[in-house]
Amino acid sequence: MSLKCGIVGLPNVGKSTLFNAITSSKIAAENFPFCTIDPNHGIVELPDERLVKISNISNSEKTIPATVEFVDIAGLVQGASKGEGLGNKFLGHIRETQTLIHVVRCFESKEITHVNEKVDPISDVEIIETELILSDIDSVEKLKEKLIRKAKSGDKDLLKNLSKIDDILRILKKGDALFEYLQDPENSHFVNEIGLLTAKPVIYVANLNDDMEETDGLKKLREKAKTNGSQVIEMCNQIEFEISELENESKQELIDLAGLDEPGLNKLIRSAFTTLGLQTFFTSGPKESRAWVIKSGTSAPEAAGVIHTDFKKGFIRAETVSFKDFIEFNGEQGAKAQGKWRSEGSDYQVKDGDIILFRFNV
């Protein structure tokens with residue numbers, strides 16, 4: 001399972017600088033709107049110190065981390081849903097992602113222009129949200145027309161879906177988020193099936209100045225995030241980029257100088273991971289130690305299928321130990337000696353941090 005995050009926001013808020021910091025890919029990040037035209041893709045490792053410890057204990061030849069894909073999407077402007085700026089093309093790029101990283105500028109600067117000639121984080125957020133809502137209204141109304149034609153047959157499921165469509169349109173046309181509506185699992189499943197932009201989880205990146213100054217805009221953004229269950233990650237995108245350019249020792253010096261406990265990017269990547277309800281399990285041996293990504297609540301056979309479909313098809317059992325016990329008792333043999341190595345069946349739900357050896361037969 002791959003995690004794909006779209007980086008969105010108005011032009012000149014620091015999206016491409018953030019992307020450069022994440023991927024160290026040095027794409028263009030100039031001081032004018034629409035510098036990013038085609039979306040840039042970058043795949044980075046999920047920061048997880050557990051994998052390194054597991055690999056060291058197993059003396060593995062290779063260490064293979066889980067990865068996250070980031071897509072830097074062109075700055076949206078007011079009217080994008082009607083084709084303004086670079087328009088609907090980029091709303092389509094957003095549709096392909098699982099979660100949105102919404103970069104919001106929360107600092108003043110005479111050197112960096114703002115597309116609306118003033119720095120107002122909440123106004124900026126609302127412009128993007130409005131364009132996503134308008135795009136979704138257009139999509140849902142087209143879907144409704146198709147369902148009405150099909151529902152003339154009297155299909156009860158279609159009639160039920162039409163009722164849900166009307167509920168969704170009522171919410172969107174009021175300009176409200178779908179956050180409350182999505183708390184019902186049945187509603188959430190339906191919305192995910194039709195692929196609405198406004199249903200995607202959002203993480204706000206508050207782009208601050210190099211002093212990480214607490215601004216009124218930042219405070220308002222935190223309050224805004226509470227209304228739709230989102231997280232706010234505070235960072236200076238320029239400092240994060242400078243950190244990403246340095247080697248290990250110099251990197252740590254700049255982290256310390258900036259007063260950070262770790263790069264903000266690590267927090268962002270982990271936040272994107274947990275926002276989608278994902279977790280990691282590990283396989284480990286002399287050849288390789290590897291991290292695998294699954295949804296929380298995944299059964300052992302389904303987790304086995306992430307590695308290979310034959311593992312799921314011929315699943316017998318999962319020999320499992322927790323990360324804590326694997327480390328405490330120095331690996332598989334030590335965990336077995338302490339009775340911590342367990343044999344789990346097909347109804348076992350894999351826990352975050354489990355180290356698993358799958359037994360199968362095909």
Side-chain angles (χ1 to χ4, degrees), residues 3-7 9 13-26 29 42-57 63-70 72 99-107 201-215 218-219 221-222 225 230-282 289-293 296 323-324 326-327 352-353:
L3 170 58
K4 192 172 184 179
C5 304
I7 303 176
V13 294
K15 297 187 317 302
S16 293
T17 303
L18 176 64
F19 182 85
N20 284 338
I22 290 170
T23 63
S24 297
S25 58
K26 302 181 182 64
I43 297 176
V44 297
E45 297 177 357
L46 177 72
D48 196 332
E49 293 180 357
R50 297 175 300 178
L51 179 61
V52 176
K53 293 177 181 178
I54 291 167
S55 185
N56 288 341
I57 287 177
T63 304
I64 305 175
T67 58
V68 181
E69 181 178 359
F70 287 88
D72 181 29
T99 191
L100 301 182
I101 310 297
H102 189 161
V103 181
V104 186
R105 179 173 158 186
C106 294
F107 67 94
V202 176
I203 300 166
Y204 296 110
V205 168
N207 187 14
L208 305 174
N209 60 20
D210 54 11
D211 292 327
M212 300 290 282
E213 184 182 353
E214 178 94 4
T215 63
L218 173 58
K219 293 174 185 175
L221 184 62
R222 290 194 196 116
S230 299
Q231 293 187 55
V232 176
I233 305 294
E234 300 164 25
M235 64 173 77
C236 172
N237 292 2
Q238 185 59 39
I239 288 178
E240 295 294 332
F241 173 66
E242 291 168 8
I243 290 171
S244 73
E245 291 280 274
L246 299 173
E247 298 301 325
N248 287 338
E249 286 187 15
S250 300
K251 185 176 297 210
Q252 190 56 52
E253 286 178 11
L254 183 52
I255 290 170
D256 293 340
L257 188 63
L260 304 173
D261 52 353
E262 65 173 333
L265 295 177
N266 288 8
K267 296 177 183 178
L268 174 60
I269 294 169
R270 285 198 299 268
S271 177
F273 196 74
T274 55
T275 293
L276 287 169
L278 302 178
Q279 63 182 34
T280 308
F281 75 90
F282 305 97
S289 287
R290 183 165 182 163
W292 303 88
V293 177
S296 299
F323 169 76
K324 177 178 175 294
F326 189 88
I327 299 301
D352 185 54

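Position 1 is the first residue of the sequence; numbering continues from there.
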TODO: Decide, yes or no, whether a salt bridge links E214 with R222 under the criterion of side-chain N to carboxylate O below 4.0 Å.
DONE: yes
Open item on the list: I need the R290 CZ to S55 OG distance, nearest 0.5 Å.
Closed with: 13.0 Å
Task: R270 and I233: CA distance, side-chain angles, deciding distance, side chain to side chain contact (heavy atoms under 4.5 Å, CB included) verdict - done: CA-CA 11 Å; R270 285 198 299 268; I233 305 294; over 6 Å; no
TODO: Check A66 against V293 and note the closest heavy-atom contact, atom names and distance.
DONE: CB-CG2, 3.5 Å
Open item on the list: Within the structure provided, determine whether D352 and S296 are in side-chain contact (heavy-atom separation under 4.5 Å).
Closed with: no
Task: Atom pair CG/OG1 of L46 and T67 - distance to nearest 0.5 Å - done: 8.5 Å
- [ ] Considering non-hydrogen atoms only, spot the tightest contact between L51 and P65 and give its length.
- [x] CD2-CA, 3.4 Å
Task: Value rounded to 0.5 Å, distance of CG in D48 from CG in N266 - done: 10.5 Å
- [ ] For L260 and E240, run side chain to side chain contact (heavy atoms under 4.5 Å, CB included): C-alpha distance rounded to whole Å, both residues' side-chain angles, the deciding distance at 0.1 Å, then the answer.
- [x] CA-CA 10 Å; L260 304 173; E240 295 294 332; 3.9 Å; yes
Task: Closest contact, heavy atoms only, T280 versus A291 - done: CG2-CB, 3.6 Å
Open item on the list: Taking Q238's backbone N and O only, do any of them form a donor-acceptor pair with T17's side chain (distance below 3.5 Å, no angle check)?
Closed with: no
- [ ] Considering non-hydrogen atoms only, spot the tightest contact between E45 and I269 and give its length.
- [x] O-CD1, 4.2 Å
Open item on the list: Looking at every non-hydrogen atom in both residues, tell me the closest pair between Y204 and S230 and how far apart they are.
Closed with: CE1-CB, 3.8 Å
Open item on the list: Donor-acceptor check, side chain of T99 to backbone of P201, threshold 3.5 angstrom: yes or no?
Closed with: yes
- [ ] State whether the side chain of S271 and the backbone N or O of K267 hold a donor-acceptor pair below 3.5 Å, judged by distance alone.
- [x] no
Task: Working for side chain to side chain contact (heavy atoms under 4.5 Å, CB included), residues I54 and F323 - done: CA-CA 8 Å; I54 291 167; F323 169 76; 3.8 Å; yes
Open item on the list: With a 4.5 Å cut-off on side-chain heavy atoms, are L246 and E253 touching?
Closed with: no
Open item on the list: Donor-acceptor pair, distance only, cut-off 3.5 Å: does the side chain of D211 make one with the backbone of E213?
Closed with: no
Task: Donor-acceptor contact present, side-chain E234 to main-chain M212, <3.5 Å - done: no
Open item on the list: As a quick check of understanding, evaluate side chain to side chain contact (heavy atoms under 4.5 Å, CB included) for H102 and L221, giving each step before the final call.
Closed with: CA-CA 11 Å; H102 189 161; L221 184 62; over 6 Å; no
Task: Smallest separation among heavy atoms of F70 and I101, with atom names - done: CE2-CG1, 4.3 Å
Task: Distance, nearest 0.5 Å, that separates CG of D72 from CG of N20 - done: 8.0 Å
Open item on the list: Using only atom types and a distance under 3.5 Å, with no angle test, would you say the side chain of N207 pairs donor to acceptor with the backbone of N237?
Closed with: yes
Open item on the list: Return the OG to CD1 distance between S16 and I22, rounded to the nearest 0.5 Å.
Closed with: 10.5 Å
Task: From CG (L18) to CG (L268), nearest 0.5 Å - done: 6.0 Å
